[in-house]
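Notes for the one structure printed next.
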Protein chains: 2
Amino acid sequence: MIDARLITLRVFARCGTIGATAELTGYSPSAVSAQLRELQRVLGMQLLTKDGRGLRLTATGRFLVAGSDPLMTQWESLRAAAMEAGDQVQSHFGLGGFSSAAAQLLAPLAATLRSTHPLLQVQVLEADPARCFDLLIAERIDLAVIVAMQSDTYGEDDPRFEQRVLLDDPLDVIIPGDHPLASRETATLEELASEPWITEAAGSTYHSLFTAAFTAVGVTPRIAHEAVEWETHIAFVGAGLGVGLLPRLAPLHGAENVVRLRITGQSKPTRRIVAAARRGSITSPLIQESLGILQVNANRILTARLGEDL
Amino acid sequence: MIDARLITLRVFARCGTIGATAELTGYSPSAVSAQLRELQRVLGMQLLTKDGRGLRLTATGRFLVAGSDPLMTQWESLRAAAMEAGDQVQSHFGLGGFSSAAAQLLAPLAATLRSTHPLLQVQVLEADPARCFDLLIAERIDLAVIVAMQSDTYGEDDPRFEQRVLLDDPLDVIIPGDHPLASRETATLEELASEPWITEAAGSTYHSLFTAAFTAVGVTPRIAHEAVEWETHIAFVGAGLGVGLLPRLAPLHGAENVVRLRITGQSKPTRRIVAAARRGSITSPLIQESLGILQVNANRILTARLGEDL
DNA sequence: GATAACCATGCAGAATAGATGCATGATCGA
DNA sequence: TCGATCATGCATCTATTCTGCATGGTTATC
């Protein structure tokens, strides 16, 4: 209900270039350019300035974007309250989440919603946590399931979002089947400190989880290899290249020569999985219902996997 | 910046029919109908119900309209603050006011704005106070100069508007030149209580002023004739049909056989002239500037007329 | 009880706004 | 200096949206 051009400006404020804004919003770069120009004309404000080969928000632009946060929140609250008060059903619902959440949590959620709300168009988008926030701003999705992170761009208490903790997903360690500790059921990080570790590239979402786990026990692991997908992690471990951390939500589905061990001891690293929505919208009946479904599914999967793998 | 369809809904909430909404917003009835239908589709809410041959807001609709007041206010505030912070100029400015205000206050204001802001498109609409409020909601105008009234539809502290007193325009009495009191400079209402009075039709904006003036002194005037325009009032008086009240802002411009007397005594009736804008927008630089100009003009006209006529 | 007035709505056609894709110009890094 | 990146303008096309008229249903009037 807020003008699309203002939404576009807010997305631009996030990513800084017309091209990226276009990619995120689904428009073409020309359209974004025209929208922002039109916005300035209508409001009679200069919001953007040339800055090298790119654009930069003016002080007025930054002011407007910052001030539009409560406006968005207010609208979301109003919409949520109206939906609740009127017992209405919305027609479209966008979900976003990272890969393992998409598979384990969002897919069942979408299936459930599809059966309980036959008329509802549910769309699921797989995206990193950072992109999920961007997609929320761009109004491409309404609810995201992500790994909590203290990223430099989005804080836990960002005024644009509201977050609810779904579960703390414990990190297990995976080691080759022929490893001396392979017969154990648990291990400590200290015991594995000298192993060659497999992790993600520095700067990625999960790398910070990795380092945080080890700084907690005061050891510096030796990073031997890098992998992006959990599948690759597991394959590397199976090939005997080293050991790695694997969230309990990520399935092993019977990989060869790989054993999953629970981590005990001083530091029990977990990744916190949260649901995020635009601030104000979280009381919307559909989001409330979704949160409930997510919670149930998360707990069920977690306990089931607990008994199955260990 | 708020979706036009929501604005349309707000206007509909005011006037209750598609046709009136179309007239007020400048759309055709079909367009209004389509907009409201589209709005319901997008929001997934049923906002309207058939009611006889017309439409009625549902509970959800009323909820949404009521809740949109702070949203509008917030946006107006934000826009005003951004304009102020960035020292920007807007491109279009709509003014509204009743007839004598339009002539005496709005015309000079528009002229001044036109010279100080050459790029600004100023539009003036003459309309009753009630319609001015409607036009403010419909965003057809941004500032209105009206006679304060405690109408049943718009209170002084309506959450949608903000008002500033410009001046208290005293009501004079006009009597035929051959009237016994014509040589006087002042008169009291009591002295004229038994005269045949000329007023406006009951229910009109100024009729309540008329009755209020007399109830204050506890007499009931005999209403002989009704007239809409001040010009007609004056002509009736000049023709010896009776006496009437005339705001000091309304010019007599040398009418034949009509004398203007100041009212003294217990009750000195005035009409309060106020400027009204959408709540939140009043801090906008352009509106602030306009208020200043209006104030100066109002005082100047008032004092000039004081020396000229009496 | 019939007729006229009123109100919303649907549809065909028209106008307008908005998006696309490519080409262009400007800027930065190598 | 060359290539890469980025924004923008233009021509074209698409899609939305508005208009005007006709229709059907509802209320008021005589």
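Convention: sequence-line order gives letters A, B, ...; per-chain numbering from 1.
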Checklist entry - Which residue, A:R14, A:R279, A:M72, A:E76, forms the side chain to side chain contact (heavy atoms under 4.5 Å, CB included) with A:R160? => result A:R14

Checklist outcome for this item: Residue pair A:R5/A:D51 against DNA chain C: nearer the 5' end by closest nucleotide is A:R5

Checklist entry - Mind checking what makes salt bridge (Lys or Arg N to Asp or Glu O under 4.0 Å) contact with A:D157, not counting sequence neighbours? => result none

Checklist outcome for this item: From CZ of B:R56 across to P of D:dT27 the rounded distance in Å is 12 Å

Checklist entry - Between the side chain of B:E229 and the main-chain N/O of B:E231, is any donor-acceptor distance below 3.5 Å? => result no

Checklist entry - What is the distance from CG of A:D3 to P of C:dA17, rounded to the nearest Å? => result 14 Å

Next on the checklist: Any donor-acceptor pair under 3.5 Å linking the side-chain atoms of A:E289 with those of A:H117?
Outcome noted: yes

Checklist outcome for this item: Here the gap from A:I141 atom CD1 to A:C132 atom SG, rounded to the nearest 0.5 Å, amounts to 4.5 Å

Item to check | Short side-chain donor-acceptor distance under 3.5 Å, B:R41 and A:S91 | outcome: no

Checklist outcome for this item: Contact string for nucleotides 2-8 of chain D, one letter per nucleotide 5' to 3', B = base within protein heavy-atom range under 4.0 Å, S = sugar-phosphate only, - = neither, reads --BBSSB

Checklist outcome for this item: Taken to the nearest whole Å, OH/A:Y27 to P/D:dA15 is 14 Å

Item to check | Whole angstrom value for the distance that separates C1' of C:dG10 from CD of B:E38 | outcome: 15 Å

Checklist entry - Between D:dC18 atom P and B:L39 atom CG, what is the distance in whole Å? => result 13 Å

Next on the checklist: Categorize A:Q35 for me: base, sugar-phosphate, or nothing, with a 4.0 angstrom heavy-atom threshold over every strand shown.
Outcome noted: sugar-phosphate

